[in-house]
Protein chains: 2
Amino acid sequence: MTTTPPRQRTGLSRGRVLSAAVELADAEGVESLTMRALAERLGVEAMSLYYHVANKAALLDGVADAVIGEILAAVPSPAEDEDWRSALRERILAARSVLLRHPWAPLLLTRPGAFGPSAVLYFEGVLGILVRGGFSNELAHHAIHALGSRAIGFAQELFTPADAAEDVSDGVLEQMATQLPYLSGMLASIVHEADSTLGWCDDQAEFEFGLDALLEGLEAARLRARR
Amino acid sequence: MTTTPPRQRTGLSRGRVLSAAVELADAEGVESLTMRALAERLGVEAMSLYYHVANKAALLDGVADAVIGEILAAVPSPAEDEDWRSALRERILAARSVLLRHPWAPLLLTRPGAFGPSAVLYFEGVLGILVRGGFSNELAHHAIHALGSRAIGFAQELFTPADAAEDVSDGVLEQMATQLPYLSGMLASIVHEADSTLGWCDDQAEFEFGLDALLEGLEAARLRARR
DNA sequence: ACCTGAACACCGTTCAAGT
DNA sequence: ACCTGAACACCGTTCAAGT
């Protein structure tokens, strides 16, 4: 009898495949999450993965739901006396703190098939907070749509003045002023803001501002509905 | 002298490559937008594309900006006497109507490099509406972040009760009731809603509800800032 | 039941070469 | 200046085969 090498001999499983995929994405980025690289990380041949996962799309769906599972574990259960707004705010910011550890997750979460069993449980919690807080089923449904990806802790943006910031260094801002008066004015103002010490925008602060604006609008809608 | 075949002999250009890419994505989906397929559509060899576009990433960035260019052409210029809220609402809904013709566009627009010259012009317009409407540069900046992808007409969601709808047909809803009381309650309510005739959710109505909630929250923030 | 090896069709991209 | 052909490294996935 020869002793096996000190590699794990537990055999694969869907769970081990998915958690290895999360680790790989964390370490090397999603673009490096290939069937072959994942197999190598598990000390196995690429084709072995197909026994535990139907195909690459199913793998990515599973990884997305695994991230939401991680969120579920991190999310606090609302206190009895807490109002809906701060309970929901707390839950969403907890979800966000998990996503910050997995910057690649939003890409997977916005794929069509990403809505899995953990997502169902997560939204059950969100919905419970809303309904117990006085939202009708219909209004709570609209509220969840209104939150969009913010409900799970991320906001998709494409406005990145940071990219334009490089060009602003020399006299380009003066040149911009005639063609883009509002943007150049805003950039000039923001440079002088004290609290934008690192980078142009404080992502966390912007996320919370947007979340609070939305929550305020939803509260107004709730009050109107009660009449 | 032999006559050339009736194919366009204009030669390639960055513009022709990009508009052909948009057409291809519209017709076959983004996943079919490969360098080889795009070349074939243009009656040219795949490698010829690299003369007009640095690589595939640059191609996708260009396509994303081309879509925003289309949005720019469709967006109305606000009337003189229009208040910021309805002017911005109108602009965003016009952007959305363009994106509905390119369902694949959000995927490209949320890529890191998608913020191009047309996006700059688009946000210059948004910012102008806000500043003329009484927002300070700082608050307008926060407002643009708060709008996120909604500013260009789409909302990223992953809450798709429609996917769960299939399973609800038989007695599963009763089975759900104990484990997922809130979701099963909401699903039961929504089925009975009159105006959800086709499908579960009216995407356009949900988008407008979320947009209006956000605009209401932003207006409240503006009023607070003026004091 | 679980894993493998060889092979296939398809990518993006390089490089030297044509006109 | 603009386009091409052949080749390379790398994908996801099939299939028949091993244990």
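Because the structure is predicted, anything quoted here is derived from the model rather than measured. Protein chains get the first letters and strands the later ones, always in sequence-line order, with residue 1 at the start of each.
- With rounding to whole Å, B:L60 atom CG is found 13 Å from C:dC11 atom C1'.
- Under the side chain to side chain contact (heavy atoms under 4.5 Å, CB included) criterion, A:A95 pairs with A:I71, A:Y122, not counting sequence neighbours.
- Remark: B:E90 pairs with B:P76, B:E82 by the side chain to side chain contact (heavy atoms under 4.5 Å, CB included) rule, at least two apart or across chains.
- A:L42 has its CG atom 10 Å from the P atom of C:dC3, to the nearest Å.
- Taking atom CG on A:L59 and atom P on D:dC11, their separation rounds to 14 Å, with Å as the unit.
- Scanning for salt bridge (Lys or Arg N to Asp or Glu O under 4.0 Å) contacts around A:E28 gives an empty result, with sequence neighbours left out.
- Less than 4.0 Å separates DNA chain C from at least one heavy atom of each of the following residues of residues 28-40 of chain B: B:T34, B:M35, B:R36.
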Dump every N/O contact between nucleotides 14-19 of chain C and the protein below 3.5 Å, one line per pair.
none

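- Note: A:H145 and B:F209 fail the aromatic proximity criterion, with ring centroids not under 6.0 Å apart.
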Report all side-chain donor-acceptor pairs from residues 102-120 of chain A shorter than 3.5 Å, counting only partners two or more places apart or in another chain.
unit_1	atom_1	unit_2	atom_2	d
A:H102	ND1	A:D26	OD1	2.7
A:H102	ND1	A:D26	OD2	3.2
A:H102	NE2	A:E70	OE1	2.9
A:H102	NE2	A:E70	OE2	3.0
A:W104	NE1	A:D26	OD1	2.8
A:T110	OG1	A:P106	O	2.9
A:T110	OG1	A:L107	O	3.2
A:R111	NH2	A:A57	O	3.1
A:R111	NH2	A:D61	OD1	2.6
A:S118	OG	A:D65	OD2	3.3

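- Of the candidates D:dC3, C:dT13, C:dC2, C:dT13 carries the atom nearest the B:K56 side chain, counting heavy atoms from C-beta on.
- For the pair A:H52 and C:dA1, the criterion of a side-chain N or O lying under 4.0 Å from OP1 or OP2 is not met.
- Protein atom CG of A:N55 is 14 Å distant from nucleotide atom C1' of D:dC11, rounded to whole Å.
- Rounded to whole Å, the distance from CD on B:E45 to C1' on D:dT4 is 6 Å.
- Listed by chain and number, the residues in a side chain to side chain contact (heavy atoms under 4.5 Å, CB included) with B:A213 are A:L214, A:L218 (sequence neighbours excluded).
- Remark: the backbone N or O of A:L183 is paired with a side-chain donor or acceptor of B:E124 at under 3.5 angstrom.
- Atom pair A:L49:CG and D:dC11:C1' shows a separation of 14 Å (rounding to whole Å applied).
- Considering only residues two or more places apart in sequence or on other chains, B:A74 meets the side chain to side chain contact (heavy atoms under 4.5 Å, CB included) condition with B:V98.
- When the side-chain nitrogen and oxygen atoms of B:S48 are compared with OP1 and OP2 of D:dT4, one or more of them lie within a distance under 4.0 Å.
- Counting only Watson-Crick and G-U wobble pairs whose two key distances fall under 3.5 Å, DNA chain C forms stems of three or more stacked pairs at C:4-8 with D:12-16, C:12-16 with D:4-8.
- Scored by the side chain to side chain donor-acceptor pair (under 3.5 Å) test, A:Q204 finds A:R96, A:E208 as partners (sequence neighbours excluded).
- Residue A:Y51 places no side-chain N or O under 4.0 Å from the OP1 or OP2 atom of C:dC3.
- The salt bridge (Lys or Arg N to Asp or Glu O under 4.0 Å) test applied to A:D212 returns A:R89, not counting sequence neighbours.
- Residues in residues 15-49 of chain A take part in no ring pair (Phe, Tyr, Trp, His ring centres under 6.0 Å) pair, two or more places apart or across chains.
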